[in-house]
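Not measured: the values here are computed from a predicted model.
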Amino acid sequence: MTRNSKIPPESISRRKFIAQTSFAIGAGAMSGPYIVRGQNLNSKISVAAIGAGGKGSGDTDNSAKCGAAIVALCDVDSRTLEQRKEKYPDAALFADFRVMLDKMGNSIDAVTVSTPDHVHANAGLLAMKMGKHVYCQKPLTQSVYEARLMREMAAENKVATQMG
């Protein structure tokens, strides 16, 4: 191109390029801290297991395999808790999920619910009400009413839920 030739309309001037890239860099620098504020991107998810035997042992083990830290185990059978404590020595042990959620609430990010069917909705609703993400075994609930309550609670508290 010679000095007198016209610049094609699809090209960009040096001044416009510098202005646009400066704006993009400034916007990224200003918004970046707000995007990641409060998130420790290197930390593990802290999971509590409600129901530690049978299917609950598999759910707990799979959570750990995926990189979660198992911080609490809850089961009504003390023998099951003692057996699972061997695999997860740092986990706190509880016989009542309500006590576990009350005492460990600030230390828990998510819970697995692998209990007898009639406990699923109660345990899941209480955990979601506290802002915990929930993985619940099937059947999710005993009635359509409970299922609707769980759906509303999950949306209200902006938590992720899944039924196994």
Side-chain angles (χ1 to χ4, degrees), residues 24-25 27-164:
I25 291 169
M30 295 300 286
S31 64
Y34 297 108
I35 293 170
V36 296
R37 182 182 6 172
Q39 297 179 14
N40 184 352
L41 301 178
N42 294 321
S43 67
K44 290 184 171 189
I45 293 175
S46 299
V47 174
I50 301 174
K55 188 65 178 154
S57 67
D59 291 344
T60 305
D61 293 345
N62 285 327
S63 296
K65 281 181 192 173
C66 290
I70 307 302
V71 296
L73 299 169
C74 179
D75 202 287
V76 294
D77 185 350
S78 59
R79 291 174 297 175
T80 298
L81 284 177
E82 290 304 320
Q83 289 172 352
R84 300 302 289 161
K85 181 72 173 174
E86 291 174 13
K87 187 159 188 169
Y88 302 103
D90 296 332
L93 304 181
F94 296 91
D96 188 328
F97 69 87
R98 296 164 295 194
V99 174
M100 179 189 71
L101 290 172
D102 187 46
K103 288 186 178 180
M104 299 285 296
N106 294 334
S107 306
I108 298 170
D109 298 316
V111 299
T112 62
V113 180
S114 311
T115 60
D117 300 350
H118 65 279
V119 181
H120 290 181
N122 292 332
L125 281 166
L126 183 57
M128 285 188 280
K129 187 175 185 178
M130 296 177 71
K132 310 304 174 200
H133 305 285
V134 175
Y135 176 84
C136 186
Q137 280 300 327
K138 64 177 175 58
L140 182 63
T141 65
Q142 296 278 299
S143 69
V144 173
Y145 173 74
E146 289 176 342
R148 289 179 179 154
L149 274 177
M150 290 186 83
R151 180 191 64 207
E152 291 166 7
M153 186 68 68
E156 181 180 313
N157 291 293
K158 297 180 174 91
V159 293
T161 62
Q162 182 177 344
M163 181 178 69

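Each salt bridge (Lys or Arg N to Asp or Glu O under 4.0 Å) pair with one or both residues in residues 60-69, not counting sequence neighbours, appears once here: Asp61-Arg84, Asp61-Lys87. Within the structure, no pair that satisfies the salt bridge (Lys or Arg N to Asp or Glu O under 4.0 Å) test touches residues 115-142, not counting sequence neighbours.
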All N/O donor-acceptor pairs, side-chain side in residues 118-127, below 3.5 Å, sequence neighbours left out:
from, atom 1, to, atom 2, distance (Å)
His120, ND1, Gln137, O, 3.0
His120, ND1, Pro139, O, 2.6
His120, NE2, Thr115, O, 2.7

Name every donor-acceptor pair, under 3.5 Å, that has one atom in a side chain of residues 145-161 and the other anywhere in the protein, sequence neighbours excluded.
from, atom 1, to, atom 2, distance (Å)
Glu146, OE1, Gln142, N, 2.7
Asn157, ND2, Met128, O, 3.3
Asn157, ND2, Met153, O, 3.1

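Looking at residues two or more places apart in sequence or on another chain, you find no side-chain contact (heavy atoms from CB on, under 4.5 Å) involving Ala95. A search for side chain to side chain donor-acceptor pair (under 3.5 Å) contacts involving Asp96 returns Arg98, not counting sequence neighbours. Partners of Lys103 according to the side-chain contact (heavy atoms from CB on, under 4.5 Å) rule, which considers only residues two or more places apart in sequence or in another chain, are Phe94, Val99. Among residues two or more places apart in sequence or in another chain, the salt bridge (charged side-chain N to carboxylate O under 4.0 Å, His left out) test is passed with Asp77 by Arg79. For Asp109, there are no side chain to side chain donor-acceptor pair (under 3.5 Å) partners two or more places apart in sequence or in a different chain. Looking at residues two or more places apart in sequence or on another chain, you find a side-chain contact (heavy atoms from CB on, under 4.5 Å) between Ala48 and Ala72, Met100, Ile108, Val111.
Ala49 and Thr60 get closest at one heavy-atom pair: CB-OG1, 3.3 Å. Minimum heavy-atom separation, Ser107 to Val71: O-CG2, 3.9 Å. When every heavy atom of Ala68 is checked against every heavy atom of Val47, the shortest pair comes out as CB-CG2, 3.6 Å. Nearest heavy atoms, Asp59 versus Ser114: OD2-OG, 2.5 Å. Contact between Cys74 and Phe97 at its shortest, heavy atoms only, is SG-N, 3.3 Å.
Atom CG in Asn106 sits 11.0 Å away from atom OG in Ser46 (nearest 0.5 Å). Once rounded to the nearest 0.5 Å, the distance linking NZ of Lys85 with CD1 of Ile70 reads 12.5 Å. To the nearest 0.5 angstrom, Ile50 atom CD1 is 5.0 Å from Leu101 atom CG.
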